[in-house]
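Heads up: the structure comes next, in structure tokens.
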Amino acid sequence: MSGVSENRVLAGSPSTGEAARGGLIADVPRRALILLGLFAALLLVAPATVGDYLLSVMILVLYYAYLGLAWNVMMGFAGQFSLGHALYIGLGGYTAGALFVHYGLPPWFGMVVGAAVAAVMGGVIGALGFRFGVKGVYFALLTIAFAEFTRILFDHWGWVGASSGLYLPVEYRDTDDLWLLRGSATMFYYVILAMTAGAFILCHWLLQRRVGYYWQAIREDQEAAQTLGIDVFRYKMIAVMLSAAMTAIGGVFYAFYYNNLYPETIFSMHRSIELMLGVIIGGIGTLFGPILGAIVLTTLGEMLTGLTEDLGLDGIKQMSYGVALLVIIVYRPGGLWPWLRRRLGLEKPR
Amino acid sequence: MTGDLAAATAPMLRVDGVGKSFRGLKAVQAVSFEVPRRGIVALIGPNGAGKTTTFNLIAGAMRPDTGRVFLEGRDITGLRPDRICHAGIGRTFQLVKPFGELSVEDNVIVGALRGTHDVGAARRQSAKILALLGLDDKAGLPAHSLTLPDRKRLEVARALATQPKLLLLDEVMAGLRPMEVDRMVATLRSLNEETGMTILLIEHVMRAVMALSHWVVVLNYGEKICEGTPGEVTSDPRVLECYLGDEAL
Ligand SMILES: Nc1ncnc2c1ncn2[C@@H]1O[C@H](COP(=O)(O)OP(=O)(O)OP(=O)(O)O)[C@@H](O)[C@H]1O
Ligand SMILES: [Mg+2]
């Protein structure tokens with residue numbers, strides 16, 4: 001117990017808190033590392049201790065955490081608002097799914113192709129938006145337009161099953177085939193855990209680099225950023241394309257985990273909103289916010305799903321997401337993570 | 001070779017007949033002046049005279065309708081602001097534009113990354129600049145928590161961090177107390193003397209203009225009405241006239 005008081009001293013004054021929001025700190029407090037280690041260990045041993053249902057919920061949490069991290073690169077770091085990220089989930093899922101169904105190509109190959117396709121699509125949207133000065137809400141509308149357009153396209157495209165959907169053959173096997181991503185829930189759990197950890201580490205690394213500083217400068221004030229020599233167009237393009245590619249890889253996971261893809265659901269606006277809600281609740285622009293947000297929102301959603309099934313009340317889930325969002329916007333506008341981080345005494349030791 | 005020679009003998013900045021109108025309002029009209037290498041030139045004039053607009057035309061924030069801008073003999077007219085920064089011009093904004101959520105130090109690091117990819121090197125450089133401007137004790141604070149005078153200092157620090165040959169300062173002394181003005185003047189003078197940095201500054205604080213500048217250019221209603229040494233312009237009847245009713249002098 002004596003360690004606690006010692007760390008409280010290390011945690012520094014609360015006034016330095018806000019500055020760390022961008023997470024540009026290399027000098028993470030010891031206590032943060034310990035907590036992170038504990039959290040990681042818990043995640044690693046979870047499948048051995050929890051039941052099937054809880055495992056499926058945890059997969060969902062990690063899936064949304066992953067998508068949130070991807071969206072956060074564009075919105076949280078570079079300040080570019082996308083309301084159409086379902087587009088990239090769909091592109092990744094369909095690309096890898098179709099290559100697997102039609103040619104038997106492994107998802108790892110489809111992942112690369114899907115990420116590339118999504119990056120190109122993101123690049124097209126970004127180029128259009130940024131070149132012609134489409135900003136803020138209008139840029140968000142542009143991203144929705146592309147998602148809707150693609151949904152309609154896929155609805156009529158026979159090769160990917162059109163509106164009746166694309167199905168991945170489900171095989172029942174005793175062994176996990178990591179190469180073809182066919183196997184048990186435990187295997188899928190570790191796959192999405194690795195993806196989320198990878199995305200987290202990538203984001204942490206990017207924030208320490210020049211590109212991370214430049215993104216945040218652009219987010220805070222584009223004119224000032226440009227005056228300091230930043231090629232604003234180029235760095236915004238990097239953010240959009242990277243975010244799109246990361247999101248598409250999430251889509252590949254979705255395709256192989258659920259084994260079915262419908263344009264109606266995967267490209268829907270609903271999906272786009274869902275993936276950003278967690279980030280807003282957890283804390284936009286922070287590293288841990290998307291993960292915390294996914295935990296809170298998915299847990300809430302699961303609890304309410306159980307409740308609505310018992311009571312036969314529809315729409316409660318969406319409504320309570322709305323309420324949760326409202327509460328956060330009013331009481332913790334920066335999201336839960338900056339507040340929780342302060343509570344846990346994880347501030348920069350300065 | 002003639003190009004190199006021209007570049008070596010050309011003034012740091014040559015503004016040649018630049019003009020800019022906003023919906024018929026002629027904010028800047030056929031303004032020409034030069035800033036010699038290692039010089040400190042002040043741009044003065046009453047409110048709305050077109051000083052900030054002139055800066056915008058030099059730094060690429062706006063493209064001039066007429067005229068050209070040369071940096072060391074190289075035509076930089078209409079280049080993008082980031083290109084102009086890389087060409088060697090650093091500027092501050094009269095209406096300060098800090099990166100509010102970033103720490104003071106991180107603000108300056110962004111500037112210092114103009115010359116290096118290495119964040120560590122940029123951090124070391126920014127520490128020196130923060131100390132120079134007396135912001136070192138506030139390095140860890142978020143920029144949005146600074147007072148206006150400190151934000152002005154941060155503007156200067158960030159622009160300096162890009163290691164410019166020519167520094168454009170837009171009213172960085174406004175709101176500073178007399179002692180703070182003297183300190184800023186001393187800092188700028190030593191930068192000019194020790195590193196040879198050329199400075200063009202817009203300033204209403206005449207105390208600073210008189211103390212710092214080698215040459216003064218006066219604008220009124222978008223036009224250059226005169227230029228000369230600080231002593232010359234402050235006794236020029238045209239200058240006194242344009243400031244009449246304007247309490248500045
Ligand atoms: N972006 C703009 N759009 C329209 N009019 C503008 C714009 N920028 C400046 N102006 C107008 O141009 C004129 C010159 O403005 P400018 O900001 O250059 O003056 P200034 O000399 O910097 O004044 P101050 O000392 O008050 O800062 C003013 O009449 C101003 O209203
Ligand atoms: Mg001005």
Side-chain angles (χ1 to χ4, degrees), chain A residues 11-27 76-79 130-131 133 204-236 283-286 289 333-335 338 347-350, chain B residues 55-56 59-62 80-93 95-123 126 138-146 154-155 157-164 168:
Chain A
S13 68
S15 62
T16 60
E18 293 304 320
R21 174 162 169 217
L24 291 174
I25 348 111
D27 44 337
F77 297 168
F130 305 147
R131 269 284 177 252
H204 179 71
W205 182 75
L206 287 169
L207 282 184
Q208 318 273 346
R209 318 277 309 171
R210 180 153 98 152
V211 63
Y213 280 84
Y214 277 9
W215 279 339
Q216 296 188 88
I218 291 167
R219 176 191 76 198
E220 295 297 311
D221 195 308
Q222 192 164 310
E223 214 184 329
Q226 204 175 17
T227 302
L228 295 177
I230 301 174
D231 184 342
V232 169
F233 178 78
R234 179 162 162 230
Y235 281 92
K236 286 203 283 197
I284 292 183
T286 65
E347 298 301 349
K348 181 157 49 170
R350 209 193 270 275
Chain B
F55 266 24
N56 285 334
M62 292 171 183
R80 277 198 333 241
D82 53 312
R83 295 274 164 75
I84 289 186
C85 175
H86 285 284
I89 297 182
R91 81 166 289 188
T92 68
F93 290 96
L95 299 172
V96 293
K97 296 178 181 292
F99 303 130
E101 292 287 339
L102 301 190
S103 70
V104 170
E105 180 186 38
D106 286 346
N107 268 263
V108 182
I109 288 175
V110 171
L113 285 168
R114 209 279 302 161
T116 171
H117 282 262
D118 181 358
V119 173
R123 178 170 288 119
S126 78
K138 300 185 173 103
L141 296 179
H144 66 71
S145 71
L146 294 184
L154 180 58
E155 283 283 324
R158 228 169 36 174
L160 272 179
T162 66
Q163 296 181 300
L168 307 182

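For the numbers below, each heavy atom of this structure counts, side chains included, while hydrogens, waters and symmetry mates do not. Letters go in sequence order (proteins before strands), and every chain restarts at 1.
- The structure places CD1 of B/Ile89 at 11.0 Å from OG1 of A/Thr227, a figure rounded to the nearest 0.5 Å.
- For the pair B/Arg80 and A/Asp231, the salt-bridge criterion is met [side-chain N within less than 4.0 Å of a carboxylate O].
- Contacts between B/Thr116 and chain A at a heavy-atom distance below 4.5 Å involve the backbone alone (N, CA, C, O).
- Here CG of A/Asp221 is found 5.0 Å from NZ of B/Lys97. Values are rounded to the nearest 0.5 Å.
- A/Tyr213 places no side-chain N or O within 3.5 Å of a backbone atom of B/Val119 that could act as its donor or acceptor partner.
- Between B/His117 and A/Arg209 the shortest side-chain heavy-atom distance does not fall below 4.5 Å.
- A pairwise comparison of heavy atoms in A/Gly229 and B/Cys85 identifies N-SG, 3.5 Å as the closest pair.
- Interface residue B/Val110: backbone and side-chain heavy atoms are both found under 4.5 Å from chain A.
- Within the 4.5 Å cutoff, side-chain heavy atoms of B/Arg158 are placed close to those of A/Leu228.
- Residue B/Ile109 touches chain A through its side chain alone, counting heavy-atom pairs closer than 4.5 Å.
- Looking at B/Phe93 and A/Glu223, their side chains come closer than 4.5 Å, going by heavy atoms from C-beta outward.
- At a threshold of 4.5 Å between non-hydrogen side-chain atoms, the residues A/Arg234 and B/Asp82 do not count as touching.
- The backbone N or O of B/Glu101 sits less than 3.5 Å from a side-chain atom of A/Glu220, completing a donor-acceptor pair.
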